[in-house]
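Reading through the C-alpha cells given below for one structure.
Counting convention: from 1, in listed order, for ligands and their atoms alike. We're numbering straight along the sequence, starting at 1. When reading the values below, keep in mind they use all heavy atoms of this one structure, side chains included, and skip hydrogens, waters and symmetry mates.
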Amino acid sequence: MRRRAVLGAGAAALGAAGIGWSLLTPKLPGKLLHSRAPLPRPFEARLAIPAVLAGEEIVQREADLAILPGLTTRAWTYNGSFPGPTVITRSGRAATVTHRNQLPEPVVVHLHGGHTPAGSDGYPIDQIMPLPPAAAHHYMATMAGDTTVGARTYRYPMQQRAATLWYHDHRMGFTGPAVYRGLAGFHLVRDDEEDALPLPRGERELPLMITDRAFEEDGSFRYPLGDADYMNGVLGDVILVNGRPWPVHEVDPARYRLRLLNASNARRYRLQFDPQPPGGDAFVQIGSDGGLLTRPIGHDTLELAPAERFDVVVDFARWKPGTKVRLIDRDGGDVMRFDVTGPKTDDPSRVPPVLSTSAEPLPPPKRSRTFRFGQGRDGTWRINDLTYQPGRALARPRLGEVEHWRFVTDFHHPIHLHLNHFQVVSRNANEIGEYDKGWKDTVDLRASEAVEIAVRFTDYTGTFMLHCHNLEHEDMAMMADFVVEP
Ligand SMILES: [Cu+2]
C-alpha cells in the first residue's frame, strides 16, 4: 500500500509539471448523467444469470426488457437479452458464430480478448448492414470496409487458453451508444488445464457483468448522443449487474467463482465487500483478462477499468450465515448484495497454490514503441497526436516477434490491444501494480502515467486495433491500426 501511495504522489507531481493537460482535464473519467425515471431502491431485484447460447447463431434485435419496476426498456440485444447469451467454447476447437442484424443500424462484433484472425476480429468498418437492402444501401454509400448485408459468420479458431472473454459492438464512431443500448455478452473459453483444478463450478461459478446506465422517464436508456459535454465519458446513476439494478443473490456459505467484467462505457470501480471478512483478502484473484494467473493473489479491493476482467474466488463461509454482504464501489456506492444463507454445506472446491504454468516472461523485445494518448486542441482524443483513420497503421510489428509498447497518458485511459494478450512489465518506470499481473488485454492508466507492456504477435497477419476502451474516447477517434506483417 505504501508503494502505491508514493506512486500516486509521483504521478500528481508529473501532472503539475506538465501544466497543459492537468489544468484542462477533470479528475473523473467522465460526466454523471442523471436518470429521469423513478429509480428502485438497491437490492430489490434478483440477480439473473445469462443463458448459454445454444447453437451458433445470434440475432441482433430490439427487445423490451424489464429493468426498472413498472417500466420497460427498449434495448438493442443479442437474442433478446441483456447481457446477451453466454457463448462457451473450447480451447483448440474452432467455433463460428453467425450474427444476423435485425437492428435499424449497422453493427460490428468484436470478440474482446479473442485471438482472432483479422477478417473475424470486428474491424470498425467491417459492418453488418441492416435489412432491408434499401437501408443497407444508405449506409454502404459512406462505408468502405469489408461489409455484408443482413448477416455475417465470424470464425474463431480458439487457439488460446481458457479465459473470460466478452463480445460487444465495435462499430466505427458508434460503439459507445451501441454497447450502452445492450450489445454485450460473455464468451467463456474452457480448457483441460483449468478443468483439472478443483475450482467452484456449476451454480457456484457466476459471470457478473457490471455496467452503469441512466434512464429516460419512459424507461428507455438515456444516452447523450452527440453531446460534447460528455466527451470525457458517460457515467450512469444506476449500477446494473447482468442487466439488473443493484441485484441480490443468495449464496451458500461456500466458495464461489466470480468472473467480474466491467462492461461500463467509462466508469471505473474500486470493489470491496461490506462487511469485509475477518482477516481480509476477500477476493482471491485466480485469473486476469487472459486466463489463470500462476498463483492466486489476495485483495481487499479490486480496481476494474472499463473492459477489464478479474476472475476471483470468494469464500462466503468466512461470513456468518445470515450476513448480507454488500459489494460496493468505494467511489460510487452499492453494486450488488450477496445474502449468505443456510447451514454449512459440502464444499469440494479449493484454490490450489499453483494455478497455471503458462505465464513465463516473454524474451527481450526486438523493438520498442511509444504511444501517447492525449486530447487534441479541437477536443478529439488522439494517439500520437493523430485521430483515427482506417487504413493508417501506427505500427507494423513482424509476426512472431516480441515488442515492448510504452503507453503514456494525459487523462485516465483503459488501453486495449487486439489479437494478443500482453504482460505489463513496468508502471511509471517502477514495479507493476497489483492489478497488472498475468496476461492482460486491457491496462488501466491514470492521468500522467506511463506503462510498458511486452507482447508477442502470433499466428495471424493483417490489420488489428489498439485503442482506448473508454467508449466515448474510442468513438471520438482514440484508436489506431497496427498491421502484423509476415
Ligand atoms: Cu481514453
**Study point:** Heavy-atom donor-acceptor pair, Glu308 side chain to Ala305 backbone, under 3.5 Å
**Key:** yes
Check your understanding: So, Glu205 side chain and Arg257 main chain: donor-acceptor pair closer than 3.5 Å or not?
Key -> no
Review point. Do Phe371 and Trp405 make the cut of ring centroids closer than 6.0 angstrom?
Key: yes
Practice item. Return the set of protein N, O or S atoms whose distance to the Cu ion (ligand 1) is under 2.8 Å, each given as residue and atom. Key: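 Checking every protein N, O and S atom gives His413 ND1, Cys468 SG, His473 ND1.
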Check your understanding: Do Glu62 and Arg181 meet the salt-bridge criterion of a basic N to acidic O distance under 4.0 Å?
Key -> no
Point to revise | Spatial distance of atom CG (Leu394) from atom CG (Asp481) [nearest 0.5 Å] | key: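 Reported value, rounded in 0.5 Å steps: 7.5 Å.
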Check your understanding: For Val425, which residues count as a side chain to side chain contact (heavy atoms under 4.5 Å, CB included) partner, sequence neighbours excluded?
Key -> His404, Glu452, Ala454
